[in-house]
Amino acid sequence: DALVCYYSFSKSAEERLRNAVNELHTMCIAATERVINDDNLLSRFDVPIQLWPALRKSWEERDKNTSMAGRFDIGFDGHQLKMFEYNADTPGTLLEFSIVQDKWAAAVGCDVGSSGAASLHKMFVQRWKELNIKGRLHMVCDDHEEERYTALYMQRAAKEAGLDCRLSVLMEDFHWKDGVIVDSEDVEVKVVWKLWMWETVFNKFLEQNKVKGQNGVSDSTPSLPDLLLSPNIRVIEPMWKTITGNKALLTVLVEMYPNSPHLLYTSWTLTDSLRRTGFVQKPIVGRCGNNINVYDKDGNLLAGTGGEFGDRESVYQELYHLPYFDGYHPVLGCWIVGDRFAGFGIREEKTLITEVDSPIVSCRVI
């Protein structure tokens, strides 16, 4: 018989994780509000000042059910449970953490316990119902394999919730008609679920305005900013989540909650205390483990990655020593759907940095 390998969690450990993640989510929402209401803080989050009114409006309207999900990356050694970051804008691995876990268990004949994310798919479906979407939901993504199958998975969940969905890759499915954006069937776009980072939207907005010399409706195919910055289009995830998912928020959290057992000290500057513990340098905006450097207390580089975010400002986070099992370091991905803990899974990597191709492995709650 083939050896079936998986991580196991006790139900009490799962409950501890649930409570910690719900608490961290509440803290992040409070920190987001503080940033949005403080010009000095907001100026450090790489949001173009021209879009601050739209950002603040999205926050004021947050009770209109516009947020779907987010994923915390958590370190846990069986004793300490620490937040690394909150992927609140464009969390990946939706498919891999949800229905794939049960399919894996069925394929290998594993009937021990249940998946750490056994309820995740059902909660996605329920959340689509709660969002109270009228008319067609347009789902948009880049022309990238992982984004395509992630969008197809969320389309499946939305259809199970009874929604009319249309998946559009890039912007080729859209055009202008009578001053509004419509799809190729001339259905007006009113609600969009996106996989593009808000950071990408902001950059394209600045580029577009530089070329056009002014803001306004394009006379050709609608651009990404035309679509996602339109005041007449509801976007999921909303713009305010670019603050929640920005790693600069880590510095605000440690200031607001200095006694939290779940936060790692994080600063804009490399302090002596960080040098003594070892530290992780990470860009405030990034994804997939890009442009991260990990140093020990002697200043030795333990791990580092390149990528497209090297020109962003960085924060410095206290080094957390991940556990080590059979040559791999596990990191927990803990899901929030709406405002509730929705399950967890594990990614592991041979180095201290989890990247886009890091394996997602099975985790069972026993």
Do Lys177 and Glu188 meet the salt-bridge criterion of a basic N to acidic O distance under 4.0 Å? no
Is the shortest side-chain heavy-atom distance between Thr351 and His329 below 4.5 Å? no
Tell me, with the steps shown, if Gln101 and Ser115 meet side-chain hydrogen bond (donor to acceptor under 3.5 Å, both in side chains). CA-CA 6 Å; Gln101 293 294 314; Ser115 163; 4.6 Å; no
Are side-chain N/O atoms of Ser184 and Arg166 paired as donor and acceptor at under 3.5 Å? yes
Closest heavy-atom pair and its distance - Thr277, Lys297: C-CB, 4.1 Å
Carefully, step by step, assess Gln208 and Asp226 under the rule side-chain hydrogen bond (donor to acceptor under 3.5 Å, both in side chains). CA-CA 10 Å; Gln208 177 174 300; Asp226 290 335; 3.3 Å; yes
Are Glu160 and Arg156 within salt-bridge range, i.e. N to O under 4.0 Å? yes
Distance (rounded to the nearest 0.5 Å) between Met68 CE and Leu94 CG: 9.5 Å
Using the ring centroid of each side chain, check whether His121 and Tyr153 are separated by less than 6.0 Å. yes
Would you check if Cys28 and Phe72 make a side-chain contact, meaning some heavy-atom pair closer than 4.5 Å? yes
Measure the OG-CD distance between Ser119 and Gln126 for me, rounded to the nearest 0.5 Å. 12.0 Å
Salt bridge flag under 4.0 Å for residues Lys82 and Glu318: no
Set of residues satisfying ring pair (Phe, Tyr, Trp, His ring centres under 6.0 Å) with respect to Phe344, sequence neighbours excluded: Phe9
Least distance between heavy atoms, Lys241 atom then Ser67 atom: NZ-OG, 3.2 Å
May I ask you to check whether over 12 heavy atoms, not counting those of Tyr257, lie within 6.0 Å of atom OH? yes
Is the shortest side-chain N to carboxylate O distance from Asp73 to Arg347 below 4.0 Å? no
For Lys282, which of Ile353, Asn291, Val315 qualifies under side chain to side chain contact (heavy atoms under 4.5 Å, CB included)? Val315
When you check the side-chain N and O atoms of Ser273 and Thr271, is any donor under 3.5 Å from an acceptor? yes
What do you reckon, is CG of Asp178 surrounded by more than 12 foreign heavy atoms closer than 6.0 Å? no
Nearest 0.5 Å, please: how far is OG in Ser43 from CG in Asp38? 8.0 Å
How long is the gap from OG1 on Thr244 to CG on Asn246, to the nearest 0.5 Å? 9.5 Å
Quick test of your reading of the model: are Arg18 and Glu15 salt-bridged, counting only N-O distances below 4.0 Å? yes
Spacing of Glu355 atom CD and Ile292 atom CD1 [to the nearest 0.5 Å]: 8.5 Å
Tell me whether the count of non-hydrogen atoms from other residues, nucleotides or ligands lying under 6.0 Å of CZ in Arg16 goes above 12. yes
Within the structure provided, determine whether Val191 and Lys134 are in side-chain contact (heavy-atom separation under 4.5 Å). no
Is it true that Glu60 and Lys57 make a salt bridge, defined as a side-chain N closer than 4.0 Å to a carboxylate O? no
Regarding Glu61 and Thr66, do their side chains bring together a donor and an acceptor under 3.5 Å, going by distance alone? no
Answer yes or no: is there an ion pair linking Asp164 with Arg136, defined by an N-O contact shorter than 4.0 Å? yes
Heavy atoms of Ile233 and Leu227 approach each other most closely as CD1-O, 3.4 Å
With no hydrogens and no angle check, do the side chains of Gln80 and Tyr320 hold a donor and an acceptor under 3.5 Å apart? no
CG of Asp272 to CZ of Arg275, rounded to nearest 0.5 Å, is 6.5 Å
Using a strict cut-off of less than 4.0 Å between a Lys/Arg side-chain nitrogen and an Asp/Glu carboxylate oxygen, indicate whether Lys194 and Asp89 qualify as a salt bridge. yes
So, are Asp357 and Lys350 salt-bridged, with charged N and O less than 4.0 Å apart? no
For a quick test of reading the model, state the closest non-hydrogen atom pair linking Thr200 to Trp196 and the distance between them. CG2-CD1, 3.9 Å
Answer with yes or no whether the side chains of Asp339 and His25 bring together a donor and an acceptor at under 3.5 Å. yes
In this structure, which one of Val331, Thr354, Thr266, Leu332 forms a side chain to side chain contact (heavy atoms under 4.5 Å, CB included) with Phe84? Val331
Row check, Trp240 ring normal vs Arg62 NZ/CZ: under 6.0 Å, within 45°: no
I want to check something: taking the side chain as every heavy atom from C-beta on, are Glu199 and Thr242 in contact at a cut-off of under 4.5 Å? no
Glu185 CD: over 12 foreign heavy atoms closer than 6.0 Å: yes
Which heavy atom of Glu348 sits nearest a heavy atom of Ser358, and at what distance? O-CB, 3.6 Å
Is any side-chain heavy atom of Thr269 closer than 4.5 Å to one of Leu274? no
